[in-house]
Amino acid sequence: MSLTLKVDLSPPRSKLVIEKSSFDDEKSRHRKNVEEHYFNHKMELFIPGCAELPPSAQAVFDMSDDFYIIKDLPLTELINKDFIENFVKKGSLYMLSHNTHIDKHNVYAVLPTGKLILSVHKDTYEELGLVGQPSQFNRKVKRKFVVEVDLTQDIFVPGKKNYERVKKGFQRTELKADFLLSWKPRGTRQSAGPVLSHFEDSYRCDRRSQVQQTNKHTELLLPVVNSSELEESDDGEWCTAREWYEWLGAVSCGINCNEAPEHYISRYSCPKPNKLTATAVRRSMTGFIAPGRVWAVLEAVRSDMRDNQCPSPWAALTVHGFADSPVSWARREHGFHHGGENLYTLLIFRDSTYWLFQAVGTNDICP
Amino acid sequence: MKRIVSKGDAPYYYLKVLLEFEDKTMAVDVLTFRTVIMKAMMSMYGEVGAAVQIDILKYEDKTISAILRVAGSNMVKLWGALTMLSYYDEKPCAFRVHQVSPFLMAFAASSRQLLLHTE
Amino acid sequence: MEGDQNQDLLYQPLPQHISEEKEKLGLKELDCPKDKFVESFLERHIQNFKPSEKKDLKKSYLLLDLPYRQKPTVAKKKTTLNSREKREKKVYDIPPEHQKYSLYVPLHKLWLQYIKDHLQLTPTSNLTLLQKKMLKADVHGALVTVCKSRCPAYVGLTGIILQETKNVFKIITKDDKLKTVPKANSVFSVEFEGLRAKIYGNHFCMRSARRASKKFKMPMKNPTIDL
Amino acid sequence: MVRFKHRYVLAELIFGKDLLIYNITQRVVYAAVRDIIEQLHGRYGIGLITPGLSVKYINEYTRMVMVRCRRENLKLLTSAIPFIKHLPDGKGGQLPCFLRTLHVGGSIRACQKWLVQHNRQVLPTLLLRCTSKEEKSRMRKSIFNSTLVKEEPWNEGKDDT
């Protein structure tokens, strides 16, 4: 009987992974976590107790690191032999289609490992003629398919069967998109200029730099956390990790949580116990950020904390991934569903322990 | 090293909403805004629905937009009630739900609205 | 086997112990010819015994039991092979030495003429009428391309149709390979005279002879063009 | 078997102390239940409860009401029933009244069985309320008649009082 009176009012599932570890631990996965989160669009560093960013972190933020946007780039250009030889194989190339929503459009990405990932709709998939996997998130009704093409394979050259097939498929379907691009040549620290000149002749390219923003807080209440304990204490001496995470979110969104307004409006206030701090600084960077940049910031903050450049008990580094990226961490598939959450926060303590919060939405595989 | 994985229902859900009146010049203060939400819940889910605790974490009266917090189990109810609202005080209006997330942090950035300046 | 034994029993001489005691039982040898005895026996026992019946009796044997007689079978003359035999004799198979694209180019040319004749193509021809005609047309010899398929491996395949069965097309490709492509869940495109017709394989799943005679109804059983 | 499964809620109408008989119809109770659901659960509640809701039985003398609803929404109904405070008396006024849920059954038959049993148990309490002797004897007689069929040990003791 189709007419059921049961109404499902349960919210969509979500996952929050909280990990506690130490940077010195050999098994620590923080490096992998940072480096495998390929497509980031916002990075935010929050340091309480300082009016200014500590010097080395400031230096990393100020460093210019541009990214490019290429308009209406056909996918056939991505399997161009010159392009693969000169750029894909000679550095870390990050490319992500822009203004494509993963729940509505086809989304393409090039990972620094040389994989071209296409998250395409059923109709496109049937026309494309390349073998892929149905998406993890709607297995029953196969609506999305993920196709992977390894660009760095030795046999992936013109004339070979697989190459020709991919090329024909791209030509037939005439797939194209705006792409965000960032390229780091291996070894040398030169800019990604050559990539731009490669495309400049035939496509509209734009050079962009990240948007920086600094916010200063004064008289802010800080929740007290215990670096060795994630869970609630028996006598309420510190806040739980989850409470802290919510609070940091509130600060990032510019919510004043020092005092709660009347109950009719909101009952949220800074979790207890808390401590007043005179100043705090929040620096953010928005754009297309390569994981290397995030890693540099993390290293800088850690060295600053080691050198006692700032009197803060901890520092928090939050990295937001693209909601429409086809992958979250490494090659784990990512979808949008309700929110497309794809972000992580590192809470760095002075004693080189850290907490890692990985927030993923409904259409995500647990990292 | 310790790892906690919390799956399933999140304790709270957050919604980024915008209230739109046909009459663009309408000025709405935070108390009225709260009342609009309560009225919406009242008509859809009755007194039981109106009793649901909804926190307005942040409110901007220029754009009439807000960040709401609601218990996970009531999120679908709230979202539904906001969607069904069409009149307040006999003035046509509508809620636009921009973002929904179980993590408040997710509202700090929205990659879909990012880089619109490149257009 | 059992029947044989019974028969033997019936015509056997009397058992030993009876023939030994003949006198005691009062059995006598016949003192007249056998047929006379039978005649008088019948006359005595059958009421209204007509002499004409006697003739009938003479004509045929009177059997005391009825042995099974097999009818001699007449072998039927076979004119055609059934489809299993055809398959066994590899009538449908195209031998490898004939799997050459160049061999079938004339067939394709012939088909182009045929389709031109069949459709009576003019710049002003009615499109719906063309579609209807195309639906009934024979596609052997047409140059088709698989432009969409649920299975990606078939997409992009181009060649001349050599055979059409209920569920598959057999296509010879330009590099002399014979491919069998199922009609279901694929879309084929045929090009001729500057026109491109798309064949939705899901609605084409029938033998070509049946397709020519079948009436296609507009709300089809499988309604969508979705694969 | 594919069918809609229902639940039947037996409730008692309580109008303060007086024993007057009011003219309460099935329609009045139905409207009251719907109104209270709308007030408590809004349009959503109405949407859930309306298919399958009906007042199957009402007895003005014993003041019993039987309300039917779909099995999935039993909780919705039973949680809303106690909030009914008034019933219209048919003359434009409101009658203070509330419903006391006595029994929930899966079929009308089960509810009827329970109701018969219940009424039998209630009869002796009516006896106590009787004032005149004549009334008392009439009551006794009717109790005797109703309990004669099944001899159960409890009514002998009660009869003596």
Side-chain angles (χ1 to χ4, degrees), chain A residues 8-22 25 27-28 41-42 44 69 98-99 101 180 206 208 230-231 241-242 245-246 248-250 252-257 261 264-268 284 286-288 318 320-325 338-341 343 345 357 359 361 366, chain B residues 1-16 29-31 33-35 38 45 53-60 66-80 97-119:
Chain A
D8 188 13
L9 289 175
S10 58
R13 294 166 59 82
S14 63
K15 298 174 209 98
L16 177 66
V17 181
I18 308 173
E19 222 174 83
K20 186 190 79 180
S21 186
S22 165
D25 192 345
K27 283 185 189 163
S28 170
H41 93 274
K42 186 173 181 182
E44 191 174 68
I69 177 160
H98 175 50
N99 270 342
H101 294 181
L180 296 168
D206 269 324
R208 301 270 159 196
L230 296 172
E231 304 279 354
R242 206 163 177 139
Y245 190 55
E246 189 187 18
L248 187 71
S252 294
C253 292
I255 295 163
N256 177 18
C257 35
Y264 182 61
I265 304 298
S266 166
R267 285 204 295 213
Y268 182 72
S284 71
T286 319
F288 189 63
T318 306
H320 297 263
F322 277 87
D324 295 310
S325 149
H338 273 117
E341 297 86 2
L343 49 114
T345 300
F357 297 78
C366 191
Chain B
M1 187 170 144
K2 197 177 169 191
R3 186 178 162 102
I4 305 171
V5 182
S6 49
K7 284 186 183 180
D9 301 352
Y12 287 110
Y13 259 83
Y14 307 89
L15 293 95
K16 202 176 194 174
D29 66 347
V30 63
L31 280 171
F33 187 78
R34 179 71 178 86
T35 316
M38 209 193 69
Y45 293 100
Q53 175 65 41
I54 297 160
D55 298 319
I56 299 173
L57 297 183
K58 189 185 179 185
Y59 179 73
E60 272 177 45
I67 295 177
L68 310 179
R69 181 178 80 157
V70 70
S73 52
N74 290 320
M75 189 276 278
V76 178
K77 279 190 176 184
L78 176 63
W79 196 347
V97 179
H98 281 301
Q99 249 180 312
V100 178
S101 173
F103 314 107
L104 188 50
M105 189 52 121
F107 292 162
S110 157
S111 69
R112 287 207 167 170
Q113 275 135 38
L114 167 85
L115 299 172
L116 285 177
H117 57 277
T118 60
E119 292 304 304

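Order of the sequence lines fixes the chain letters, A, B, ..., with proteins taken first and strands second; residue numbering starts at 1 for each chain. Worth saying up front: this structure is predicted, and the values here are computed from it rather than measured.
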Where does [X] contact chain B at under 4.5 Å (heavy atoms): side chain, backbone, both or neither?
{"X": "A:L343", "value": "side chain"}
{"X": "A:H338", "value": "both"}
{"X": "A:Y245", "value": "side chain"}
{"X": "A:E246", "value": "both"}
{"X": "A:T345", "value": "side chain"}
{"X": "A:S10", "value": "backbone"}

Top of [options] for chain B proximity - count of heavy-atom pairs under 4.5 angstrom:
{"options": "A:L9, A:D324, A:T318, A:I265", "answer": "A:I265"}
{"options": "A:S325, A:S28, A:G339, A:S266", "answer": "A:S266"}
{"options": "A:H101, A:K42, A:E231, A:E44", "answer": "A:H101"}
{"options": "A:D25, A:N256, A:L248", "answer": "A:L248"}

With a 4.5 angstrom heavy-atom cut-off, is it the side chain or the backbone of [X] that approaches chain A, or both, or neither?
{"X": "B:F107", "value": "both"}
{"X": "B:Y59", "value": "neither"}
{"X": "B:Y12", "value": "side chain"}
{"X": "B:R34", "value": "both"}
{"X": "B:S73", "value": "backbone"}

To the nearest 0.5 Å, what is the distance between [atom1] ([X]) and [atom2] ([Y])?
{"X": "B:R69", "Y": "A:I255", "atom1": "CZ", "atom2": "CD1", "result": "9.5 Å"}
{"X": "B:S110", "Y": "B:K16", "atom1": "OG", "atom2": "NZ", "result": "6.5 Å"}
{"X": "B:S101", "Y": "B:M75", "atom1": "OG", "atom2": "CE", "result": "9.5 Å"}
{"X": "A:L180", "Y": "A:N99", "atom1": "CG", "atom2": "CG", "result": "8.5 Å"}
{"X": "A:Y264", "Y": "B:Q53", "atom1": "OH", "atom2": "CD", "result": "11.0 Å"}

Hey, does the side chain of [X] reach the backbone of [Y] with a donor-acceptor pair shorter than 3.5 angstrom?
{"X": "B:D55", "Y": "A:R267", "result": "yes"}
{"X": "A:K20", "Y": "A:L230", "result": "no"}
{"X": "B:Y13", "Y": "A:P12", "result": "yes"}

Considering non-hydrogen atoms only, spot the tightest contact between A:G361 and A:E341 and give its length.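 So the two residues come closest at CA-OE1, 3.1 Å.
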
Select, from B:I54, B:L68, B:N74, B:L31, the one with the greatest count of heavy-atom pairs under 4.5 Å involving chain A.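 Among B:I54, B:L68, B:N74, B:L31, the one with the most close pairs to chain A is B:L31.
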
Is any side-chain heavy atom of B:I67 less than 4.5 Å from a side-chain heavy atom of A:C253? yes

